[in-house]
Structures are given as C-alpha cells and as structure tokens.
There are 2 protein chains.
Amino acid sequence: MSQPRDGRAVTSIDVAKAAGVSQSAVSRTFTPGTAVSEATRLKVLDAAKKLGYRPNAIARTLSTSRSRIIGVVLSTLDNQFYPAAIEHLSRSLQEHGLHVMLFFAEGRDVDGALSQLLTYQLDGVVIASATLSSRLARECTAMGIPVVMFNRSAASTQTSSVTSNNIEGGRLAANHLLDCGCDRIAYLAGRSDSSTNRDREAGVNLALLERGHTLVFREDGSYEPAMAKEATRRLMSAPQPPDGLIVASDYMAFAALDTLRNELGFEVPSQVCVVSFDDVPAAAWGAYALTTVAQSIPAMVHSTVSILLEQFSDQAMVARDVIVSSRLIVRSTTSAARVEGQVKGQKSARHAE
Amino acid sequence: MSQPRDGRAVTSIDVAKAAGVSQSAVSRTFTPGTAVSEATRLKVLDAAKKLGYRPNAIARTLSTSRSRIIGVVLSTLDNQFYPAAIEHLSRSLQEHGLHVMLFFAEGRDVDGALSQLLTYQLDGVVIASATLSSRLARECTAMGIPVVMFNRSAASTQTSSVTSNNIEGGRLAANHLLDCGCDRIAYLAGRSDSSTNRDREAGVNLALLERGHTLVFREDGSYEPAMAKEATRRLMSAPQPPDGLIVASDYMAFAALDTLRNELGFEVPSQVCVVSFDDVPAAAWGAYALTTVAQSIPAMVHSTVSILLEQFSDQAMVARDVIVSSRLIVRSTTSAARVEGQVKGQKSARHAE
DNA sequence: GACCAAATTGCATACGTATGCTACAGTCAA
DNA sequence: TTGACTGTAGCATACGTATGCAATTTGGTC
C-alpha cells in the first residue's frame, strides 16, 4: 500500500504519503534552515528510512538552479601535481556537499568544451588547463558562473585566480643556486604561454640581476619531458656547459636528471646543481631527491574552495587573486657546501659534507 | 522582444518563440533520432544560435532519468596508475557524451558514499577504490545502476569487472626472475584484501611451484610505500637475503628500490633483481627503469566503457568479467644475462651487456 | 483532382523538488 | 471569552525538457 511504484525511485511524495504529511513537509525536512516541527520531522525521517528514500539531486537542481557540481577543466594528469591537487580539491569540496565533474580540454575546441560545461548548470568552474583557459574563463564569467583559475593567473580582472608566488619562487631558486656557488646558470623553460613559467623565469632573472649575474643559457622544454631531454642535451653539449640548472617544473626535472646522469654521465650536484618547481610527490623519492620550490597544494586548494563558497553567496562576484607563498625545499640535487670557484667538469669532484 | 528573460538562461521555450515553432520542435531538434523536418531544424538551430541557447542537461535528466554522468569511486590518486586510468576513462566517456563525477571514499562510511552517489541519478558507477567496494557495488546494482569494478574482481556475479590477468602476470614475473637465474625469490605483497594482490601472488606461487621453487620470503607492504620500505629492510637484513624481489606494485617498487640502493647499498640487478606490476609512467623513467608487468590502461578502459554502454541499452544487466592480458616489460632492474649459480652478495658484480 | 499513407507538428503532461502564500492551530494577554 | 500573534502545514506552481498521442501537413499515385 505505502509501497512506492514498483518502477524505480522512491520520491518525496511516496514518503509524504507514508508519513501522512504533505510533500512540502518532506522537502522541508531535508532542507536545512526551514521550519518543520520536531514531530513531523521525525515522522518524515522515519518513513523515509523505511522506504529507503534519497532526495533527488537532479530535481533539486532544477528547482533551485544550484547543482552543487564544480567543473574542473584539465588538459592532462601526466604531471603529478594535478592528480594531487584534484584529490585534495575533490575531498575538500565533498566536505561542503559539492562534487567534482571532470572535463578534459580537447585541443583548441573552446566551444565544444564550453557547451559541455554549460549544459550541466555548474555552480562553479576550476580551470587548471593550459590551453583555451582565458577564453573559457571569460565566457563562463559572462554566464554568471564563478570561475577560479588554478595555478595560472587570471585572464581578466573579472575572474579569480589562485597561484603560488612564482616570482618569489624563481628568486628562491636562483638565489639558492648562487649560494651553492654556481655561476653559470641556465633556465629550462616551461610553456611560454603559461603564467607559471613567465613568473618563475622573471623571478630567476630578477634575483640574478640583483647579484650581478645573468642567465647563461635558456632552453625551452614546454613542460614536456621529451622536450626537456632534448633541451638538456643541447645545454650540456655547449663548450662551457652550465653548472646550475633551473627547471620550470619537477616533471621536466626528472627527465633532465635522467639525461644528465644516465645518458650524459654528469654528476649531480657536484658538476651541475638542479633545482625546479612544484614539489611533486616523486621529487621526494630517493632516486631523485630533488631540490625544489614547493607549491602548497593544501593552501591553494583551501583558497580555491573559499573563493567558490564566497561567490555562491555574494551576488557581487568580486574576483580575487590569491597568491600562496612558495618555499624552497633543499634535497640532494643541490649542495650548499659547494666550493666557490670550483671548475666544472671535474668528473670526480664530490661535494663536501 | 524575442529576448530571453533578463534573469539567466535561455530556454527551449525562448527558442521556440523566436523560431516560431513549438517547444517540442526545439526539443526534437536537439534530440538525435527524432523526427524533425529539415526546415524547422534549421529555423530552430538558427534561433538557438542567435539566442545562445544550450540545452539544460539537468532538466533533460529529470525528464529522461538518464544523467549521462558516471560516478568514479576512488580511494586515492597517489599511485600513478589511477590518474592515468582516470584521464583515459574520462576522455573516452566524453566521446560518448558522458562525464565523470569523482567520489573519494572516506574510510568505512559506505552509507555516506552511497547516498552521495545515489542522489545524482548516475547512469553508471566505476569503482576503483579498495575500501568498501563490494558492499557499495552490491547496493548500486540493487538500485539498478550499472557497476564496473575497475582493477578489482567482482564482489558478486551480479556486478561486472575489468581486471588484467593478474595470475598470468604473477607467472610472468616469477618465470622471468627464474630465467634471470634468481633462486631465492621474495614477494612483497599488496593489501591482502585486494584481488589484485591475491591473484598476483597466486600466479607467482604457481609458476614457482611448476619449476620446483618456492617463495623464500613474503612480506606485507599493503600497497603503501612506507610499509614497502620497512618490508624491504626486513627482507634484506636476513642472513641469506633474497636475490630476486617481486613487488606487488610499481608504486611500492620505487620505495623498495630507493631503500635497496640508497639506504642499504645493494646493487640492482646484479645483487637483487626487482620486478613489479602496473607499468606506471614513472617505471619508464631513467632513474628506475623498472622491469614490470604492464596492465594495459587503454584496454581496461575500453572494456569498461563497452560494458557501461552495453548495460545502458540492455535491460538484462548481464554482468561481464573482462580480463585483459598482461605483458612483461623488461627494463634494467632485472638482467636476463645473469650468470646462473652466481653467488649473491658480490658487491661489484655487473650484469652483462 | 482526389485520396491514402507517411511524415511532421503541437498539445498536454510527466519528471521530483522547492517555496511563496494562505490557512490554520496554538499560545498568551487583556 | 476574545483578540492578536507566532509558528506550521498544505496548496499550487515553477524549474526546463522529453514524449505519447492526436491533429495536421506533405507527398505520391491513380
């Protein structure tokens, strides 16, 4: 009798019937902050439990136009930084009753991506994809959807962004190499159209300039390991190869280190010091033990979630740019005790300590 | 006049009005496989474009009870295998107009996870989480939601699964070590409640038995790098340490290798050969160059998507178990040219070639 | 030119929930 | 006892799309 239609789902109407109340009462019971007497609340909860009722999020979305879904736009998960960020982000959002829907950007198809995003009535979008990010952000913002650029600076003053302090990070990296006694420093760059690379490189140049140095080489790796290997070969085959290498990401640094050690036979850090950016989990693995400028994923995710939650309530939609501070983590690819003036190329030179 | 209400979204009714047709016509235009004349189709598309109309997926879901959302349940993305699988899966599903929603399993809270899953009217669920998988699968299946256990075998005959042939994989690993001349083989196990570990270990034991051998040591690493390190220390501190190590996952093998080489000073493969499972991207990195039994992500994802698509059409909901074949990839942590009978512990022994 | 079949179209309604508004019950004070 | 006021419950409707059914148009044939 009080059985739901044998078809499928139990609805609020079924529960209402079973509890002897109106559908509104059921709805209110499951909507925090609404007025229901304790008596009906219990009746409803009891009936709901008995029937195995679960509110239908889709119907609720249609009614409230709040989907509680956050779209996350990615280009790839190859670089360990992103999986780590996604896991953290997804867990944090889950605590607020929000869920992540994944969108992988396909090349330059902005419209396709946009259509997919918009049809789901997303409550917010986090863009962590290099390609098509700025236009996508603009269009979403225009549609009134809160957007956060994650790990890339905002395309416009309209959209928020969360980045780490890459300029400061660049300075940390450069200063550290100088402190290690390096005086022929090279930069292995990431994609030139990315704000991370731009800022990191700027910071490096700034710090070098301040101490009367300048970059000896600059090669492009475009954040691709294969290109980083090529670049490393070019760098080290110079008549006077660098004695310090700043790599724009850990992910490229692994490739560079492999090439340096296994292919070209260089010793790190005695012949070349290497420092990079991100502090991806593998950077701590024994085989690499990479000195790196860490981006704090917890801090970045926290800011991202805060911005999103803020924008849900505020009508204002004021864009915020959060810059999380960077931190140098010294491991074994650099050596602070390096003897200044030491001639590079000494095959057997070991660093002190 | 034909402007949509200034509030927000453009609806099919707005488009209908603008195109001078009924709302049904608009709906049909955007629903493949329905009858609309070319003439109205063009009128509608034109008006839609002009107004910037996008069909509302949420409303469509309410009406059709097909959300085109696939829930993916994970416990963590630490092991590179999962990010790689997710990216592949998400891209494949996107090609079919489906999207991935992420759910991170929190400890043992089945009911919480389940509620979250069920409220979204998911069209399917892919479970790649170790914990709470079997009960979750059962409940989803009971609710009529297609479930695929990814990289773990089915909890019941009711639910489908996609795994690689881990038994065969275990044999490949064991036989390879025997072929390398190892005769004191140890197994570093993954979580004992996982089907992957169970099958891999079974395969190893089988192959050893066939060739008159048996495992010398067996330690538990529970798929955790920290535990793998501990286990490695225990293994190698035995009076007669193993000369061949089979590790249940690459992710643990990296930790084991780091411990072996950097901490304990063993040479791989001359003193100990190491083989593991998964062929995660980092396994190919120069610093590890790990010999490993590959799980084909493309094949596994392909099967997963096929099963899901099948179950959408079939009412039958026949569960399928797909077993993708494994393949041994030989890199530098094992050496086929190992001299048989060679005494382990020779510090300077180099493998040939 | 008329008639029949086939192809389109529009109408009306369903999907499951949220919420403004009205109606009503209960409390308390005068 | 009556009146005003507070707190609840229920009614009715909106959210945007899909689709069965009936009405209409189209196209073709004799």
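Excluded from the calculations below are hydrogen atoms, water molecules and symmetry mates; all remaining heavy atoms, backbone and side chain alike, are included.
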(request) Give one of base, sugar-phosphate or nothing for B:T64, where a contact means two heavy atoms less than 4.0 Å apart. (result) sugar-phosphate
(request) Give the rounded distance in Å between these two atoms: CZ of B:R66 and P of D:dA18. (result) 13 Å
Could you list, one pair per line, each protein nitrogen or oxygen that sits under 3.5 Å from a nitrogen or oxygen of nucleotides 22-24 of chain D, together with the distance?
none

(request) Check the distance between C:dA18's P and A:R60's CZ and give it to me in whole angstrom. (result) 5 Å
(request) For A:Y223 and A:T196, test the side chains for any donor-to-acceptor distance below 3.5 angstrom and give the result as yes or no. (result) yes
(request) For A:S37, answer base if it contacts any base atom (sugar-phosphate contacts may also be present), sugar-phosphate if it contacts only those atoms, and nothing otherwise; contact means non-hydrogen atoms under 4.0 Å. (result) sugar-phosphate
(message) Whether the B:S24 and B:S27 side chains hold a donor-acceptor pair (N or O, under 3.5 Å, no angle test) is what I'd like checked.
(response) no
(message) It should be established whether B:S27 places a side-chain nitrogen or oxygen under 4.0 Å from OP1 or OP2 of nucleotide D:dA18.
(response) yes
(request) Mark yes or no for whether A:Q23, through its side chain, and A:A16, through its backbone, hold a donor-acceptor pair below 3.5 Å. (result) no
Please list, pair by pair, any protein nitrogen or oxygen found under 3.5 Å from a nitrogen or oxygen in nucleotides 10-14 of chain C.
| from | atom 1 | to | atom 2 | distance (Å) |
| --- | --- | --- | --- | --- |
| C:dG10 | OP2 | B:S22 | N | 3.1 |
| C:dG10 | OP2 | B:S22 | OG | 3.1 |
| C:dG10 | N7 | B:R28 | NH1 | 3.2 |
| C:dG10 | O6 | B:R28 | NH2 | 2.8 |
| C:dC11 | N4 | B:S24 | OG | 2.8 |

(message) For A:L74 versus A:A128, what's the shortest heavy-atom pair and its separation?
(response) CD2-CB, 3.9 Å
(message) Taking any heavy-atom pair under 4.0 Å as a contact, classify B:T31: base, sugar-phosphate, or nothing.
(response) sugar-phosphate
(request) Let me know the distance between CG of B:N56 and P of C:dC15, rounded to the nearest Å. (result) 18 Å
(request) Round to a whole Å and report the spacing from CD1 of B:I58 to C1' of C:dA18. (result) 15 Å
(request) Can you see which heavy atom on B:Y53 is nearest to which on B:P55, and at what distance? (result) OH-CA, 3.4 Å
(message) Rounded to whole Å, how long is the line connecting atom CZ of A:F30 with atom C1' of C:dT17?
(response) 12 Å
(request) For residues A:T163 and A:N151, report the shortest heavy-atom separation together with the two atoms involved. (result) CG2-C, 4.0 Å
(message) Check the orientation of B:Y120 and A:H99. Use parallel for under 30°, tilted for 30 to 60°, and perpendicular for over 60°.
(response) perpendicular
(request) Quickly work out the B:R41 CZ to C:dT9 C1' distance and round it to whole Å. (result) 16 Å
(message) Output the rounded distance in Å from CG (A:L118) to C1' (D:dG16).
(response) 16 Å
(request) Just call it for A:V26: base, sugar-phosphate, or nothing, with non-hydrogen atoms closer than 4.0 Å on any strand. (result) nothing
(message) Is there a side-chain contact between B:Q80 and A:Q80 in this structure, where contact means two heavy atoms from C-beta onward sitting under 4.5 Å apart?
(response) yes
(message) Rounded to whole Å, how long is the line connecting atom CG of B:L62 with atom C1' of C:dC15?
(response) 4 Å
(request) May I ask you to check whether A:T40 and A:S37 show a side-chain donor-acceptor distance below 3.5 Å? (result) yes
(request) Indicate whether OP1 or OP2 belonging to D:dG16 is found under 4.0 Å from a side-chain N or O atom of A:Y120. (result) no
(message) I need the minimum non-hydrogen distance between B:H96 and B:S92, along with the two atoms involved.
(response) CD2-O, 3.2 Å
(request) Determine: side-chain N/O of A:S65 to OP1/OP2 of D:dC15, distance under 4.0 Å, yes or no. (result) no
